[in-house]
S.K.: 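One structure, as structure tokens, below. Some questions next.
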Amino acid sequence: MRRAIAEARKAEAKEEVPIGCVIVRGGRIIARGHNLRETSQDPAAHAELIAIRKAARKLGSWRLLDTTLYVTLEPCTMCMGAIILSRIPAVVFGCFDPKAGAAGSLFDLSNDPRLNHTVRLLPRVLELECSTILSNFFAALRSRKRAERMVVPK
């Protein structure tokens, strides 16, 4: 999870929402990703999707069997869909996302019997650190926006 947090810091340095992800196989990181939605103006440029695409290229297969995905924030419905479709067996995440989470908050797609794949979840790993990064980012963003509104044009 520390490596996923390092990826989140890369996103933060780009003024992106600080979410980071790594995919591990056999004890080694095979792919990394961090949010790039603003940079790329791509609504699908989530940390998980970036890492999943890199892992699939590296392994030469869309089936990411025997891997574990680590991400700083609970995956959304789009990302959980990609996790399920790529057959990732386990997801470790830092903090829950009560506004968009699909691994226990709003939805739990990880163990839906109607789907053809289930995902083991390990939530709340380094939860305080992951949630603090996000909270601080959004507090600073709100502060900047307030300051911008207070500037009176000449």
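FYI, the numbering just counts along the sequence from 1.
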S.K.: Going through the distances and angles, do Ile83 and Val91 end up as a side chain to side chain contact (heavy atoms under 4.5 Å, CB included)?
M.R.: CA-CA 8 Å; Ile83 288 163; Val91 170; 3.8 Å; yes
S.K.: Just one of His34, Lys14, Glu16 clears the side-chain hydrogen bond (donor to acceptor under 3.5 Å, both in side chains) bar with Thr39, so which one?
M.R.: Glu16
S.K.: Quick check: closest heavy atoms across Cys79 and His46, and the distance to 0.1 Å?
M.R.: SG-ND1, 3.4 Å
S.K.: With a sphere of 6.0 Å drawn around CZ of Arg124, does it hold more than 12 non-hydrogen atoms of other residues, nucleotides or ligands?
M.R.: no
S.K.: Should Asp97 and Lys99 count as an ion pair when the cut-off is N to O under 4.0 Å?
M.R.: no
S.K.: Can you measure from CD1 (Ile50) to OG (Ser40) and round to the nearest 0.5 angstrom?
M.R.: 6.5 Å
S.K.: May I ask you to decide whether Arg2 forms a salt bridge with Glu129, counting only side-chain N to carboxylate O separations under 4.0 Å?
M.R.: yes
S.K.: Has the side chain of Lys54 got a donor or acceptor atom that lies under 3.5 Å from a matching backbone atom of Arg32?
M.R.: yes
S.K.: Hey, mind stepping through Leu134 and Phe137 against side chain to side chain contact (heavy atoms under 4.5 Å, CB included) and telling me if it holds?
M.R.: CA-CA 5 Å; Leu134 286 161; Phe137 173 82; 5.6 Å; no
S.K.: Quick check: is Ile52 connected to Tyr70 through a chain of hydrophobic side chains (ILVMFWY, heavy atoms under 4.5 Å apart)?
M.R.: no
S.K.: Between Ile88 and Ile84, is there shared hydrophobic-cluster membership here, with clusters defined by ILVMFWY side-chain heavy atoms closer than 4.5 Å?
M.R.: yes
S.K.: What distance do Ser86 atom OG and Leu69 atom CG have between them, rounded to the nearest 0.5 Å?
M.R.: 8.0 Å
S.K.: Do the charged groups of Glu148 and Lys145 touch, with an N to O distance under 4.0 Å?
M.R.: no
S.K.: Check whether Asn35 reaches the backbone of Arg37 with its side chain - one donor and one acceptor, N or O, closer than 3.5 Å.
M.R.: no
S.K.: CG/Leu73 to CZ/Phe93 distance, rounded to the nearest 0.5 angstrom?
M.R.: 8.5 Å
S.K.: Met80 and Leu109: which non-hydrogen atoms are nearest, and at how many Å?
M.R.: CB-CD1, 4.0 Å
S.K.: Could you go through Arg53 and Arg57, starting from their C-alpha distance and side-chain angles, then the distance that decides it, and tell me whether this counts as side chain to side chain contact (heavy atoms under 4.5 Å, CB included)?
M.R.: CA-CA 6 Å; Arg53 288 177 179 137; Arg57 280 193 301 270; 4.0 Å; yes
S.K.: Calculate, to the nearest 0.5 Å, the distance between atoms OG1 and CG belonging to Thr118 and Asn111 respectively.
M.R.: 5.5 Å
S.K.: Please report the shortest heavy-atom distance between Ala31 and Ala55, naming the atom on each side.
M.R.: CB-N, 3.5 Å
S.K.: Does Ala139 offer a backbone N or O that forms a donor-acceptor pair with the side chain of Ser143 under 3.5 Å?
M.R.: no
S.K.: Looking only at heavy atoms, which two atoms of Ala44 and Met78 are closest? And how far apart?
M.R.: CA-CE, 3.8 Å
S.K.: Output the distance between atom CG (Asp66) and atom CD1 (Ile30), rounded to the nearest 0.5 Å.
M.R.: 10.0 Å
S.K.: To the nearest 0.5 angstrom, please state how far the CD atom of Glu74 sits from the OG atom of Ser105.
M.R.: 3.5 Å
S.K.: Check for me, please, whether Ile23 and Leu59 land in the same ILVMFWY cluster - side-chain distances under 4.5 Å, paths through other members count.
M.R.: yes
S.K.: In terms of hydrophobic clusters joined by side-chain contacts under 4.5 Å, are Met1 and Leu121 together?
M.R.: no
S.K.: Counting only N and O atoms by type, is there a donor-acceptor contact under 3.5 Å from the side chain of Thr72 to the main-chain atoms of Gly20?
M.R.: yes
S.K.: How far apart are the closest heavy atoms of Leu64 and Pro89, and which atoms are they?
M.R.: O-CD, 3.7 Å
S.K.: Over all heavy atoms of both residues, which pair between Cys130 and Gly94 is shortest? Give the atoms and the distance, please.
M.R.: SG-CA, 3.8 Å
S.K.: Taking side-chain hydrogen bond (donor to acceptor under 3.5 Å, both in side chains) as the definition, give me every residue that meets it alongside Arg3, ordered by chain and number, with sequence neighbours left out.
M.R.: none
S.K.: Apply side chain to side chain contact (heavy atoms under 4.5 Å, CB included) to residues Arg9 and Ile133 and explain how you reach the verdict.
M.R.: CA-CA 8 Å; Arg9 294 289 188 196; Ile133 292 168; 3.4 Å; yes
S.K.: Do Val22 and Leu49 share a hydrophobic cluster (ILVMFWY, side-chain heavy atoms under 4.5 Å, transitive)?
M.R.: no
